[in-house]
Structures are given as C-alpha cells and as structure tokens.
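Working notes for the structure below.
To find a chain, count down the sequence lines: A is the first, B the second, and so on, and within it residues start at 1. FYI, side chains are in, hydrogens and waters are out, and symmetry mates aren't considered; it's all heavy atoms of this structure.
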Protein chains: 2
Amino acid sequence: MAQELYYEDFYIGEKFQSAGSAKVSAEEIKEFGQKYDPQPFHLDEAAGEGSFFKGLAASGWLTAAIVMRLRVQSIRVFGGMIGAGVEEMRWTEPVRPGDTIRTEIEVVGMRRSTSRKNYGIVRTTTLAYNQDDKVVLRSTVNFLAPLRNPA
Amino acid sequence: MAQELYYEDFYIGEKFQSAGSAKVSAEEIKEFGQKYDPQPFHLDEAAGEGSFFKGLAASGWLTAAIVMRLRVQSIRVFGGMIGAGVEEMRWTEPVRPGDTIRTEIEVVGMRRSTSRKNYGIVRTTTLAYNQDDKVVLRSTVNFLAPLRNPA
C-alpha cells in the first residue's frame, strides 16, 4: 500500500500513474444507466444504435465515477481524498462495453485553504485513457490534503 | 410526459423545477462507495464519525449522479440529454442518509455547435437542494440539443 500523503508531500508537476485499470462491462453500463442516467443509449444496445452514440455507451457520470475510483487507488491522501470542487470536465470519446480505463494525474496547483486552516488544496488534472490510448475524459479537480505540520 | 425539446425551444433565463426528488439511503451511499469511491467515510457509519465528515456521507460523485437523473427527468431533450462538458461543480454540504434532493436548473448560455452542425449547446446552472433547502451541489454543465430546423 502506498504511503499516505500530506499536503507537504505534493508538488506541482508531480505525476501519478494509474494504480490499476478498470474494465467496463455492458452490464455495468446498463445498471448505472438505469439508476442514474436512464436514457436509451445507456440502457440498450439496439436503442443505442439509432442514437447520437451509434451504440451502447456509458453515462459520462459512470466514467467520472470510475475515474474517481482510479484516483483514490492512485493517490493515497492521509484521512482520505476529499473533493474540493471540479474546475472542468470533458468527455472526449464514448466509453463502450469492454473498454479498459486507466488514468494519468498531474498536480497543477497547490494553495493553503483559507477556510480550513489545517488543510491545503491540491489541484490536479486527470486524463483517462481507454485501451487504444484515446482520452475518454479529462478533468481538473481539487482535493483537500491535511497539513502535516499545521502552524 | 413533458414535450421533447429542440435547441430552438430553450431560452436564456429559462428555469426548470425538479420533476421529482430523490431520497438517499445509507444503503445507496455504501453501495456506490464500495463500487466507485471506496473510502471509509462513504462505507461505514463508525468510520465516518472519526473522519472529516463526522458521519457517513455520500460520495460527491453519487450526488452528481443523482443530480444527473433529476436533470434527465426535469428536461426532456429530443434524442436525449447528451453531455457537452462540465464548466464547474462544487459540493457545498455533505449529503447524508435520509436526505431528499431536488434540483433547480437555469439556462445561462446558448450557442450553435461549430463541430456538430445539427446541434446547439445549452449551458445550464444547477442548484441541488436538500430537504432543509440547503444547497448540496451546484454546477454549470453543457448539453447538446438538436436543431429543429438545421439550415
């Protein structure tokens, strides 16, 4: 298990390769779609064929959730990775049944929190790739990291 | 069932009240946490007590997924609501077991797509409230809407 990181352990330009990858099944796409994004192209192959996506495709929010799991696996923050907002997120390619997703994360910003004195805010960009090395999602997301030595 | 909307049907300043609401259970929080955000405060009440959240709290990505379902229920786009990116998203209060979430959506921008000639891009802000009328999530998200009369 990787070391649990404090704010002081991060630096701008630091990169985290995916600690694992995630294979996405038709079953998972449909189950998530039924629960959270019940639109035909997330539920049914035939309905997907006649849609914008020309086939069954994962909800972008399923892709985002899978990316969160990969982020949590790839960066171990002391006390947990607590989200502090999304600056931007783009879905750049559909995620299809059978795709395997991995992430590359880079630290692009760091600052002390003004409202939470014992925390810093780490800004990261994430690129999520499929098995063909196509980017399926990119995002800029902030998380809190506790200070090792609060003043 | 509400009318299915084309790009031309939307206008800036238009508001959509939540077509329904979503009650969030401890079971749903834990199930989503196990699948997509396996951190103690999303999995277990006791572990949550000792954490940043001081109790079991929903993954922000579960809240985002629930908000997507409410958005799909509240705005019916012809051919489906196809995401065209998140401009910003903030989690402003924890979502707890038993909370009931509803949304208010406002159209804040509209433009024709340059890459997809038969579509326009509708930019919306969403405020998601809990049962105490506290905002738990706010976001600015774009979706595609087909032109009724492509030139």
_Contact origin within Glu88(B) toward chain A - heavy atom pairs under 4.5 Å_ = both
*For each of Trp91(B), Phe52(B), Phe41(B), tally heavy-atom pairs with chain A at distances under 4.5 Å, and name the one with the top tally.*
Phe52(B)
_Please say yes or no: joined through hydrophobic side-chain contacts below 4.5 Å, possibly via intermediate residues, are Ile12(A) and Leu147(A) part of one cluster?_
yes
_For Asp37(A), run the side chain to side chain contact (heavy atoms under 4.5 Å, CB included) check against Met68(B), Met81(B), Arg69(B), Arg71(B) and tell me which one passes._
Met68(B)
*Identify the two heavy atoms, one from Ala65(B) and one from Phe32(A), that lie closest to each other, and give their separation to 0.1 Å.*
CB-CZ, 3.9 Å
_Glu28(A) versus chain B, the contacting section by heavy-atom distance below 4.5 Å_ = side chain
*So which part of Leu144(A) gets closer than 4.5 Å to some heavy atom of chain B, the side chain, the backbone, both or neither?*
side chain
*Under the side chain to side chain contact (heavy atoms under 4.5 Å, CB included) rule, what do Val72(A) and Tyr36(B) come out as? Steps first, then yes or no, please.*
CA-CA 9 Å; Val72(A) 167; Tyr36(B) 300 115; over 6 Å; no
_With heavy-atom distances below 4.5 Å as the criterion, would you say the side chains of Val67(B) and Trp61(A) are in contact?_
no
*Residue pair Arg90(B) / Val86(A): nearest heavy atoms and the distance that separates them*: NH1-O, 3.1 Å
*Look at the side-chain heavy atoms of Ile, Leu, Val, Met, Phe, Trp and Tyr, link any pair under 4.5 Å apart, and say whether Tyr119(B) and Val77(B) land in one connected group.*
no
*Same hydrophobic cluster for Val141(A) and Phe10(A), using side-chain heavy-atom links shorter than 4.5 Å among ILVMFWY?*
yes
*Taking everything shown except Arg96(A) itself, do over 12 heavy atoms lie less than 6.0 Å from its CZ?*
yes
*In the single-linkage hydrophobic clustering (I, L, V, M, F, W, Y; side-chain heavy atoms under 4.5 Å), do Val135(A) and Met89(A) co-cluster?*
no
*If Ile, Leu, Val, Met, Phe, Trp and Tyr residues are connected whenever their side-chain heavy atoms lie under 4.5 Å apart, and connections chain through other members, are Leu70(B) and Val24(B) in the same group?*
yes
